[in-house]
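Below is one structure, written out as structure tokens; comments come after it.
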Amino acid sequence: MLRSCKRMVRIIGWAGSALVSIGALQTACAADTAPGKLVHRFREVQISPNTEYVASVEGDSSASGGQPTVRDLVIRNVKSGAATTVSLPCGRVTQCWPGSPSWSPDSKHLSFTLRTPGSHSRSIYSVAPDGGALTKLLEFNGTIEDLRYMPDGRIAMLAIKDAKKEVGATEAGAPV
């Protein structure tokens, strides 16, 4: 199962500008899954502007079949097929979630958000395509979503200070 899921990600990279939805990846992975086995889910996939790298936030589904509780940030080199899992400062623990991967316009940096386990706080980190030179760019007491590089190299995002819940229509929250 996992082998075919990894093959699907490689196909995205080899296709260059062809885009395959994350839903299609998950459907393909689910089709290969026997009852009782975990589904490998690709939550977010980003192709670098120069099409040499593919970054993904991925992990195995929870035991109940829901979203992954432990998530990895993986950078794949399209030409060689080599995959590098980025070592996160909080390790591979529940709620240490990378998200919103975004490539710099020159493809020399991948920036991403990282949830602080047990809170709604996020930080923004930057990493080289080989998975090295991990650098903290920002620590924020709230949620950060939709991280994007602008053409001039500045970063834009949706940030909610002192958030009491995660961003999303399905998250319960206090009435406004």
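Only this structure's heavy atoms are used, side chains among them; waters, hydrogens and symmetry mates stay out. FYI, the numbering just counts along the sequence from 1.
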Sole residue of Glu139, Lys136, Met157 in side-chain contact (heavy atoms from CB on, under 4.5 Å) with Ile124
Met157
Could you see if Leu138 belongs to whatever hydrophobic cluster contains Leu147? Use Ile, Leu, Val, Met, Phe, Trp, Tyr and a side-chain cutoff under 4.5 Å.
yes
Looking at Ala128 and Ile75, what are the two nearest heavy atoms and their distance?
O-CD1, 3.8 Å
Taking the side chain as C-beta and beyond, is there a heavy-atom pair between Pro117 and Trp97 under 4.5 Å?
no
Have Ser121 and Asn141 got a donor and an acceptor in their side chains that come within less than 3.5 Å?
yes
Do Phe112 and Val74 land in one hydrophobic cluster if side-chain heavy atoms of ILVMFWY residues count as linked below 4.5 Å?
no
So which heavy atom on Ile47 is nearest to which on Val54, and how close?
CG1-CG2, 4.3 Å
How long is the span from the CD1 atom in Ile160 to the CD1 atom in Ile144, to the nearest 0.5 Å?
10.5 Å
Please check: side-chain N/O of Ser104 versus main-chain N/O of His109, any donor-acceptor pairing under 3.5 Å?
yes
Leu73 side, atom CG; Thr113 side, atom OG1 - distance, nearest 0.5 Å
9.5 Å
Rounded to the nearest 0.5 Å, what separation is found between the OG atom of Ser123 and the CG atom of Leu88?
11.5 Å
Salt bridge or not for Arg41 and Asp60, using N-O below 4.0 Å?
no
Going from OG on Ser100 to CG on Leu114, what distance comes out if it is rounded to the nearest 0.5 angstrom?
11.5 Å
If we only count heavy atoms from C-beta on, is the Tyr53 to Trp103 side-chain gap below 4.5 Å?
yes
Are Thr116 and Arg122 linked by a side-chain donor-acceptor pair shorter than 3.5 Å?
no
Checking the side chain of Ser107 only, and the main-chain atoms of Asn50 only, is there a donor and an acceptor separated by less than 3.5 Å?
yes
Main-chain N/O of Glu58 paired with Ser56 side-chain donor or acceptor, under 3.5 Å:
no
Approximate separation, where rounding is to 0.5 Å, of Thr94 OG1 and Arg71 CZ
10.0 Å
Tell me whether Phe140 is reachable from Leu137 by hopping between hydrophobic residues (I, L, V, M, F, W, Y) whose side-chain heavy atoms are closer than 4.5 Å.
yes
Donor-acceptor contact present, side-chain Thr135 to main-chain Ala133, <3.5 Å:
yes
d(Ser111 OG, Tyr149 OH) to nearest 0.5 Å is 2.5 Å
Can you see which heavy atom on Pro105 is nearest to which on Pro151, and at what distance?
CG-O, 3.8 Å
Got more than 12 heavy atoms from elsewhere within 6.0 Å of CD, Gln95?
yes
If you group Ile, Leu, Val, Met, Phe, Trp and Tyr by side-chain heavy-atom gaps below 4.5 Å, do Leu110 and Leu134 land in one group?
yes
Using only atom types and a distance under 3.5 Å, with no angle test, would you say the side chain of Asp106 pairs donor to acceptor with the backbone of Lys108?
yes
